[in-house]
Amino acid sequence: TPDHSMATYAGSVDRTALAKRVIPPHPVLSLLVVAGFVGFLYVVEAFDVATGGSLEGDGVRPRDFSEWDNLLWMPLIHGDWSHLTGNAVPLLLLGFLATSGGLKQFFQTTAVIWLTSALGVWVFGSPGSHIGASGLVFGFLAFLLVRGIFARSWLQLLIAVGVFALYGAALWGVLPG
């Protein structure tokens, strides 16, 4: 059944109510999408392990123009199972929360975060091959914080700050210097 609490008289969606949501409008579908993506990351890692780590060199190499396509692969490739698991748990939680504005917004946000985090590594990263979905994790975290501020939703802000308290300390471990 449709969610009538967000419908207006014209049948369109009330954007203000949607912006303040914490739980996605279609939670099961959202969970399937996010869990499906994380599951795909495990398939990629299984392939990488089966081929002797053949993908690990396909990360982003800062300021190297010869491998621009690696900007697309970086979040899919992980160094080992513990690296993947370290990203998978917060990706599941933050990804699910990021779908609260609907799947269209989630896909748009994910695309922007994916590309800007890879470009950020390309411009500012230290020498070497950078892999992993940490950019997505911290991008979703930033998105949730900013979304809570713009929506003026204390509940969204409280959840985002709580998640930041859990996972934010890891940010200091990935910053250079």
Side-chain angles (χ1 to χ4, degrees), residues 6 13 15-45 58-60 62 70-125 130-176:
M6 292 199 192
V13 175
R15 297 282 176 212
T16 304
L18 188 60
K20 292 188 181 227
R21 286 191 74 111
V22 174
I23 301 298
H26 305 286
V28 173
L29 180 59
S30 293
L31 185 60
L32 287 172
V33 167
V34 173
F37 175 70
V38 171
F40 180 68
L41 295 179
Y42 277 90
V43 170
V44 171
E45 182 59 22
D58 291 334
V60 171
N70 291 358
L71 296 173
L72 300 175
W73 318 133
M74 182 186 84
L76 302 175
I77 304 167
H78 290 79
D80 56 30
W81 293 108
S82 64
H83 181 206
L84 174 55
T85 303
N87 281 327
V89 174
L91 264 179
L92 285 168
L93 175 62
L94 296 171
F96 180 76
L97 292 173
T99 64
S100 63
L103 288 175
K104 178 181 177 184
Q105 181 187 62
F106 171 75
F107 289 126
Q108 292 168 337
T109 301
T110 301
V112 169
I113 292 169
W114 188 303
L115 293 175
T116 56
S117 66
L119 283 169
V121 168
W122 189 84
V123 171
F124 299 109
H130 296 265
I131 54 177
S134 297
L136 288 176
V137 170
F138 293 112
F140 284 143
L141 182 56
F143 168 73
L144 292 170
L145 283 167
V146 170
R147 186 173 187 262
I149 291 167
F150 280 100
R152 296 184 179 140
S153 168
W154 287 105
L155 182 57
Q156 282 184 9
L157 279 171
L158 183 64
I159 290 171
V161 167
V163 171
F164 181 76
L166 289 172
Y167 296 110
L171 176 61
W172 303 115
V174 299
L175 291 176

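Sequence positions, counted from 1, serve as the residue numbers for this chain. Computed over heavy atoms, backbone and side chain alike; hydrogens, waters and symmetry mates excluded.
Taken from CD1 in Ile159 to CG in Leu97, the straight-line distance is 6.0 Å, to the nearest 0.5 Å. Note: Glu45 CD to Ile77 CD1 = 9.5 Å, rounded to the nearest 0.5 Å.
Annotation: side-chain hydrogen bond (donor to acceptor under 3.5 Å, both in side chains) contacts involving residues 82-95, sequence neighbours excluded, comprise Tyr42-Thr85, His78-Asn87, Asp80-Ser82, Asn87-Ser134. Listed by first then second residue, pairs satisfying side-chain hydrogen bond (donor to acceptor under 3.5 Å, both in side chains) with a partner in residues 111-125 number zero, not counting sequence neighbours.
Leu32 is linked by a side-chain contact (heavy atoms from CB on, under 4.5 Å) to Val28, counting only residues two or more places apart in sequence or in another chain. The side-chain contact (heavy atoms from CB on, under 4.5 Å) search around Ile149 returns Leu157, not counting sequence neighbours. Looking at residues two or more places apart in sequence or on another chain, you find a side-chain contact (heavy atoms from CB on, under 4.5 Å) between Gln108 and Lys104. Shown here are the side-chain contact (heavy atoms from CB on, under 4.5 Å) partners of Pro62, two or more places apart in sequence or in another chain: His130.
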Would Phe37 and Leu91 count as a side chain to side chain contact (heavy atoms under 4.5 Å, CB included) if you check the C-alpha gap in whole Å, the side-chain angles of each, and the deciding distance to 0.1 Å?
CA-CA 9 Å; Phe37 175 70; Leu91 264 179; 4.2 Å; yes

Is there a side chain to side chain contact (heavy atoms under 4.5 Å, CB included) between Leu71 and Leu119 once you walk through the steps?
CA-CA 7 Å; Leu71 296 173; Leu119 283 169; 3.8 Å; yes

Dump the intermediate steps for side chain to side chain contact (heavy atoms under 4.5 Å, CB included) on Val146 and Phe150, then the final yes or no.
CA-CA 6 Å; Val146 170; Phe150 280 100; 3.4 Å; yes

Would you please test Val44 and Trp73 for side chain to side chain contact (heavy atoms under 4.5 Å, CB included) and show each step?
CA-CA 10 Å; Val44 171; Trp73 318 133; over 6 Å; no

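Leu136 approaches Pro75 most closely through the heavy-atom pair CD1-CB, 3.9 Å. Annotation for Leu103 and Thr99: closest pair CD2-CG2, 4.0 Å, computed over non-hydrogen atoms.
The shortest distance between side-chain heavy atoms of Pro90 and Phe138 does not fall below 4.5 Å. Between Val60 and Ile131 there is no side-chain heavy-atom pair separated by less than 4.5 Å.
Taking the six-membered ring for Trp and the full ring otherwise, the centers of Phe140 and Phe106 sit less than 6.0 Å from each other.
The main-chain N or O of Gly59 is found under 3.5 Å from a side-chain atom of Asn70 such that the two form a donor-acceptor pair.
Considering Leu94, Ile113, Val89 in turn, Leu94 is the only one that fulfils the side-chain contact (heavy atoms from CB on, under 4.5 Å) rule with Val137.
There is a side-chain donor-acceptor pair under 3.5 Å between Arg147 and Ser100.
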